[in-house]
Amino acid sequence: MLPGDPFDLTGQVLDEQYRVQSVVRPADGEPIVIYRGDHMGVPIAIECLRLPSDIDADAIPKAVEAFLEGGRLHHRLARGHPAIAQSIAVGSRLAPRTGMIVPYLVREWLEGESLAEEMARPLTVRRIGRDLGETLSLFEPAIEALGYAHAQSAAHLALGPRTLFLESRGDSKQLKILDFGTARAVDTTFKSRRVVPPEYVAPELHERGGPEPGPAADVYAIARIMRDVLSGVDLPRNLELALSRAAERIPDRRPKDATRLWEEMSASIRAPAVSGAVPSKRAVSAPSIGTRTVPMSFEASSTPPSEPPRANPSDPPPVHVISKPPPAHVEPALPAVIVEGRASASRPSAERTVMIEAVVQARSRKRTRVLTLGAVLVLLAAGGAAFFFGAVRRHRAQQPPVAASIAPPAPVLPVPSASASASADPGDAAAATAEASAPPLTPLAHFTKVDAKVALDTTAKDVARCKKGKGWGAASATVSFGNDGSVTHVAIGPPFGGSGTGTCVSEALQTAKMPPFGGKPGTLVYRFFVAPH
């Protein structure tokens, strides 16, 4: 027996195709033991249920079948959404040393760590580089996957930081759901060794004799998890209200499923609250344990084909194998997230523009106040100048006339001839008179960042619609203006530089126009936001 291997499975081959290589999570007392394995050269994860040594013999078949049933539910849901960890097979075998039945689930291997491991680190460490928008983007696929499962009349019912996995993909991470069904089987069978901490367990899961818990329990769990992940972050009021409502103790007061929760999180602060939640029952199959390996087709029925009785009662339960890879997934569209006052263009007009319009109106009111103040100052300056020059004229009028003897001689001006006067264009004379009486031109003001930002803010709606691909969020651009007030150059910063999103943002910003100015051309580093779809 290798150290930390409770089942002596290292080096064994399960069902003649899944080779067990090493133990990944052998912690004592945990109900799930995870191995790393290999299947046709591809790394896999093998999750095994650790049955207690003192378990009653009559309870073993029930516990094994509950785990296998959960594995079949996970497999069925994983085929429909990529944010649910893809499963390969479920089965059971006898441990070589103890002879104990070991139920197991074979799934895809994920590089990374569970959300529980990240949350165990200090808050300042795990928050580096991830703001509110990035956190919502991280949770979006998992909540979407929950909504997909709820639409299939299925619920996880054991959602917690340990059943959410942060898969590393280069510099990014994707949240995936683990153990859709198996974790609930463990919690139900061994209440003293729960997979999910009690703070994430919906109150109705503790009750007996009431309606069967449904999607509202998952809504409660994901809301509590998100509130813990966002602890210490200043949340928009509408998002705080949505998460608080989702964590209500009474199920009927929560959103009825994860899709409705995401809609409420994405709605504006003026959107009406959605009331009520109708728990739905899980559609799970209950096939019996047979004596041979039964392939798991994509359209698996609720009960397997009839099987002959076991030749030997000591034979282990069968292995259920997925016969072919899951088909390509077409992700259903979900509503976008409103992050700090900006919305996606994919929402209906009445919903998606409300926050943007509020921001634009606020900025418009600010600009109006600035212009009004400027106009008041100009009027005060003009009034002061008029008063000053009027006082000067009155003072001169009160002075005694200058004696004629000391008056300077009048300049001798040439008198135009009659013919010249007759031939002169009256229009030219009027223009000359107007030019002589017109005040001198006032030089243009120099470039100001305030005017430039106000001009760029008018493109916010177009910029918000520029999502091309999966990237969205806040970024910055260096924008240059010419003296005529038009944009002469735009340089998009990371992460959108050189992408389709960056090109769209650049084209939108180039439509900005500020008042003409004098002096040197100006440059501004402008922060913008691209909304999710």
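Computed from a predicted model, the values in this text were never measured in an experiment. Residue indices begin at 1 and follow the sequence shown.
- Using modelled atom types, one side-chain atom of S244 and one backbone atom of E240 make a donor-acceptor pair closer than 3.5 Å.
- With hydrogens and angles disregarded, no donor-acceptor distance shorter than 3.5 Å links the side chain of S231 to the backbone of R227.
- Between the side chain of Q86 and the main chain of I84, a donor-acceptor pair closer than 3.5 Å is present.
- Closest non-hydrogen pair, P495 versus A475, comes out as CD-CB, 4.0 Å.
- Rounded to the nearest 0.5 angstrom, M226 CE and T135 OG1 are separated by 7.5 Å.
- The shortest distance between side-chain heavy atoms of Y220 and P203 falls below 4.5 Å.
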- [ ] List the steps and the verdict of side chain to side chain contact (heavy atoms under 4.5 Å, CB included) for H81 and L77.
- [x] CA-CA 7 Å; H81 203 287; L77 296 174; over 6 Å; no

- [ ] Dump the intermediate steps for side chain to side chain contact (heavy atoms under 4.5 Å, CB included) on L146 and L159, then the final yes or no.
- [x] CA-CA 10 Å; L146 280 177; L159 206 61; 3.5 Å; yes

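- Within the structure, the side chain to side chain donor-acceptor pair (under 3.5 Å) test picks out the following pairs touching residues 34-49 (sequence neighbours left out): D5-Y35, E47-R107.
- For the pair L9 and P96, the tightest heavy-atom approach, listed with the atom from each and the gap, is CD2-CD, 4.0 Å.
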TODO: Please report the C-alpha distance between L136 and E140 in whole Å, then the side-chain angles of each, then the deciding distance to 0.1 Å, and finally whether the side chain to side chain contact (heavy atoms under 4.5 Å, CB included) criterion is met.
DONE: CA-CA 6 Å; L136 294 177; E140 180 180 3; over 6 Å; no

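- H74 places a side-chain N or O within 3.5 Å of a backbone atom of A85 that can act as its donor or acceptor partner.
- Not one N or O on the side chain of D218 forms a donor-acceptor pair closer than 3.5 Å with the backbone of A155.
- Closest approach of S476 and R527 over heavy atoms only: CB-CD, 3.9 Å.
- Scanning all heavy atoms of the two residues, the minimum distance from A223 to A247 falls at CB-N, 4.3 Å.
- If you take CZ on R76 and CD on Q152, they are separated by 7.0 Å, rounding to the nearest 0.5 Å.
- Between I34 and I46, every side-chain heavy-atom pair lies at or beyond the 4.5 Å cut-off.
- Side-chain atoms of L175 and L166, non-hydrogen and from C-beta on, do get closer than 4.5 Å to each other.
- In this structure, the side chain of D15 does not engage the main chain of Q17 through any donor-acceptor pair within 3.5 Å.
- Here the straight-line distance linking atom CG of L110 with atom CZ of F165 works out to 5.5 Å at 0.5 Å rounding.
- Counting heavy atoms from C-beta outward, W109 and V24 have side chains that approach closer than 4.5 Å.
- At least one donor-acceptor pair under 3.5 Å links the side chain of T501 to the backbone N or O of K468.
- For E117, the salt bridge (charged side-chain N to carboxylate O under 4.0 Å, His left out) test picks out no residue, with sequence neighbours left out.
- A distance of 12.0 Å separates OH of Y148 from CD1 of I177, quoted to the nearest 0.5 Å.
- In plain terms, the two heavy atoms of L157 and G214 that are nearest each other are CD2-O, 3.6 Å.
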TODO: Under the side chain to side chain contact (heavy atoms under 4.5 Å, CB included) rule, what do K173 and E113 come out as? Steps first, then yes or no, please.
DONE: CA-CA 10 Å; K173 292 185 178 181; E113 62 181 356; 3.9 Å; yes

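- Within the model, atoms CG of L132 and OG of S137 stand 11.0 Å from one another, a figure rounded to the nearest 0.5 Å.
- By the 4.5 Å heavy-atom criterion applied to side chains, V20 and F7 are not counted as neighbours.
- Under the 4.5 Å side-chain criterion, counting only non-hydrogen atoms from C-beta, F496 is not in contact with C504.
- A salt bridge between E69 and K62 is absent, with no side-chain N of the basic residue lying under 4.0 Å from a carboxylate O of the acidic one.
- Rounding to the nearest 0.5 Å places CE of M265 at 9.0 Å from CZ of F139.
- Within the 3.5 Å criterion, the main-chain N or O of L178 finds a donor-acceptor partner in the side chain of H156.
- Across A246 and R254, no two heavy atoms sit closer than the pair O-CD, 3.3 Å.
- For E199, the CD atom is densely surrounded, since the number of other residues' heavy atoms within 6.0 Å is greater than 12.
- Contact annotation: the side chain of T182 never approaches that of V90 to less than 4.5 Å [non-hydrogen atoms, C-beta and beyond].
- At distances below 3.5 Å, not a single donor-acceptor pair connects side-chain atoms of R162 with backbone N or O atoms of A116.
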